[in-house]
Amino acid sequence: MIAKRPPGRQLLLQGNEAIVEGALAAGCRFFAGYPITPATEISEVMSYRLPAVDGTFIQMEDEIASMGAVIGASLAGVKSMTATSGPGFSLMQENLGFACVAEVPCVIVNVMRGGPSTGLPTSVSQGDVMQARWGTHGDHPIIVLAVSTTQDCFSITVKAFNLSEKYRTPVVLLADEVVAHTREKISLPHAEEVEVIDRIRPNMPPDWYIPFENNSRGVPPMSAFGDGYRYHVTGLIHDVRGFPTQRPDEIVPFMDRIFRKINQHFFDIQMVNTEMVDDAELIVVAYGSVSRSARRAVREARERGIKAGLVQLITLWPFPRQSVEPILRQVRAALVPELNMGQISREIKRINQGVARIETISRIDGHLITPNEILTRLLRI
Amino acid sequence: MAAVTKLVHKYLRHDKKFPNVWCPGCGNGILLGSLIRAIDRTGLQKDEIVIVSGIGCSGRISVYVDFNTLHTTHGRALTYATGVKLGNPKLHVIVIMGDGDATAIGGNHFIHAARRNIDLTAIVVNNNIYGMTGGQYSPTTPYGALATTSLYGNIEHSFSIAELAVMAGAGMVSRGTVYHATLLDDLIEKAIMKRGFAVVEALSHCHTQYGRRNRLGGAVEMLRWQKDAAVRIDKAKSMSPEELNGKFTIGVLTDRDLPVYTEEYQKLRESARAMMSGAK
Amino acid sequence: MDSHAAGEARVERYEIRLSGSGGQGLIFAGIILAEAAGIHDGKFVCQTQSYGPEARGGASKAEVIISDHEIDYPKAIKPDLLLAMNQKSCDSYFFDLKPGGMLIIDSTFVKQLPTTRAIGIPFTQICREKLGKEVGANIVALGALATLSGVVSLSSLEAAVRNRIPRGTEDYNMKALELGIESAKDARRFRTETELYEDTSD
């Protein structure tokens, strides 16, 4: 059903619908997907929105195929996206690794549901944080962002496309069942107000084009198939021309570069929101829908005279160490509530190095952590 | 010989990556020759062509030719090709896969690409074995044959790739061999020019892994078998089932006009535009 | 800090839970209510619903949170208003209701009330008798809910209903909305009488 739109750009949208709006605003014109709860609405809305803007939607035979098609379309020069949930995200991992190594920009939305396996298909979870970082085999760089509100679903999706285009890398957008299905009022900016970044295309004569050149940014210009720059794309480790190589003197610079292009631009990539941390003695580190519970808990703690603060992570990977570490040095304790057995809290403990006391709340029963659970713990610490 | 050299100079990448990875006598070289001759005859520009390949011996073809080339993951070449074609429908996308690539790990993608009748050319190089990994049985290894994973004889039954493609809905399906190289040139050329999903099953030989283990001789003997066992499709029509026992047909098995996915999608776009502008 | 009385201009956080059995259109009603308050009244809104197996049959629910400020936790903590369209949902969710919160029930189906303060209106029966069908009982209930709580303006509610319903059902649904508003006015009179009676009996 195509809902008629109220006047103006203020809309009541589900998170999943706002992700579609963000993708379209960022210039996404290709979507391949396979039905899966709780991400299906993204496919449904894409299926009627994309063809109307000269884009393409295709429902593939599985998630492996969806990820393959997304990479193919991006190589043809079209900004591309897929959306899935746990089981489908597992199936995408091999081709996701291809996108990392062949440096193909694309956005993968994972609306997290309870796992492992078929798990809790209709329940909220944050169990795929580590999978998003390490899911595909081999050492590889990747960018992972987490959304918490419908407005985020729009703006962070735009950001995901921009980062993927700028750094020629797949970007994983982690949503969860609560964010995906909550309807909120959002204000959609007009097209000209949205900052959209496109991949840099080569402008030199084709003979001069070195498709995987090690330049100062670490990100070579990317030609689309058919643009006159014929080159080879492979998942094998390759030399600067894209041809497979086994030579250590070509392998090492390649691997160094694909890590460097992310690390070198760390401050452009890391996004963290802080609230009331300046004088905080206790902080809550949260992301996704849990950060909303945390925000309420921190405000209620403040009303009771507790100096609490909130650190909301938007960039999960590369882990925003530079933002979080100084805060850990200033507080007495940090509480990390998450809907898994402790995935980001491991990272917090790693960078904390025993400076502050780290407490965790793990909830894996398919329900969102409530503000009261967090507040109760804050009162006890 | 001069004509061959001319084509080699025109279409092969000679800046790097030769000699190739294939064993002396391999059918992949003949197939590569057929592919180049067929493309040359179509008159298409190099920039208009995308070669997508999977993983395996045949998968390495893409690195040697001077087109837009994409060497994908194992079994998934058709999915990448689907994305490329939909991303830029003006491109001619030719997909090269092996038998294990297309019908085992990629079997699902193969039948669904055929079902959609998406405008791609799919060349399946069938040598009845996983060659690159050292000779394990594939979905086209004959019953009883020996492989490194069927040392007691293969107890599985093989697919007929071409017939599978016909049943799944491909617009054009043909079968050739690397022995009948000039026929193969024709079949590939027709497949490239066909609107819709066009499959060419190219029977090849792996004397290193399959022939040796099953005492079928070297490359020459295996090519001779292709010559003897192949029957042109028009000739097969007048032959009895007894006469056809142990033989296989070559030529264009199916050529039909079915709705093509890419063209259907263009129509869908027009109705979507009309509906969405009406809704506003 | 949680809430002010319904109907006041400033709303800190007002939580509404609409409950009943799957098929009674409660999620749809939640979306309309959220759109009325969010888009037409200009408030912040957050609408969630039961999802998956629990959304079918039994006790299905939709929640709407309305606030003048950005909404943090998206789900109801202690609902200020509970609409129960069947007995099971009334029994399941009554204890979540904030003390002094408003309970509105569909007296067509809810025969055992947990409190005498409950406002009972036979939404489904009204719909069936006046419009000939039970479809639309959710819209009747919305009309009553808005009138009794004042949490959204009736003009906004009408606009949201018109925007969300299928084309060609405008007359039917406007009638349903009107019936809901009328029924609430009657119920309010009835409630006042009951309360007076309760006061004198003490």
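Side chains are part of it too, since the values below use all heavy atoms of this structure and drop only hydrogens, waters and symmetry mates. Per chain, numbering begins at 1; letters A, B, ... match sequence-line order. These figures come from a predicted structure and were not determined experimentally.
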Between [Y] and [X], is there a side-chain heavy-atom distance shorter than 4.5 Å?
{"X": "A/T182", "Y": "C/K75", "result": "no"}
{"X": "C/I39", "Y": "A/K185", "result": "yes"}
{"X": "C/P74", "Y": "A/L368", "result": "yes"}
{"X": "A/T370", "Y": "C/I77", "result": "no"}
{"X": "C/Q49", "Y": "A/H181", "result": "yes"}
{"X": "A/R183", "Y": "C/V64", "result": "no"}

For [X], is it the side chain, the backbone, both or neither that has a heavy atom under 4.5 Å from a heavy atom of chain C?
{"X": "A/V290", "value": "neither"}
{"X": "A/E177", "value": "side chain"}
{"X": "A/I369", "value": "backbone"}

Within the supplied structure, the quantity of interest is the number of heavy atoms (other residues, nucleotides, ligands) at a distance under 6.0 Å from [X] [atom1]; does it exceed 12?
{"X": "C/D171", "atom1": "CG", "answer": "no"}
{"X": "A/E193", "atom1": "CD", "answer": "yes"}
{"X": "C/E70", "atom1": "CD", "answer": "no"}
{"X": "A/I364", "atom1": "CD1", "answer": "no"}

Tell me every residue that passes side-chain hydrogen bond (donor to acceptor under 3.5 Å, both in side chains) with A/S187, counting only those two or more places apart in sequence or in another chain.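 Result, side-chain hydrogen bond (donor to acceptor under 3.5 Å, both in side chains) vs A/S187: A/Q10.
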Pair C/D72, A/R295 - check salt bridge (Lys or Arg N to Asp or Glu O under 4.0 Å), show working. CA-CA 6 Å; C/D72 41 44; A/R295 182 168 292 116; over 6 Å; no
C/Y73 OH to A/S289 OG distance, which is reported to the nearest 0.5 Å: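 C/Y73 OH to A/S289 OG: 9.0 Å, rounded to 0.5 Å.
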Examine whether an atom of C/I31 lies under 4.5 Å from a heavy atom of chain A, and if so say whether it belongs to the side chain, the backbone or both; otherwise answer neither.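 Contact with chain A: backbone and side chain both.
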Would you say the side-chain atoms of A/R296 pair up with the backbone N or O of C/I71, donor to acceptor, closer than 3.5 Å?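 The answer is no, because no donor-acceptor pair under 3.5 Å joins these two groups.
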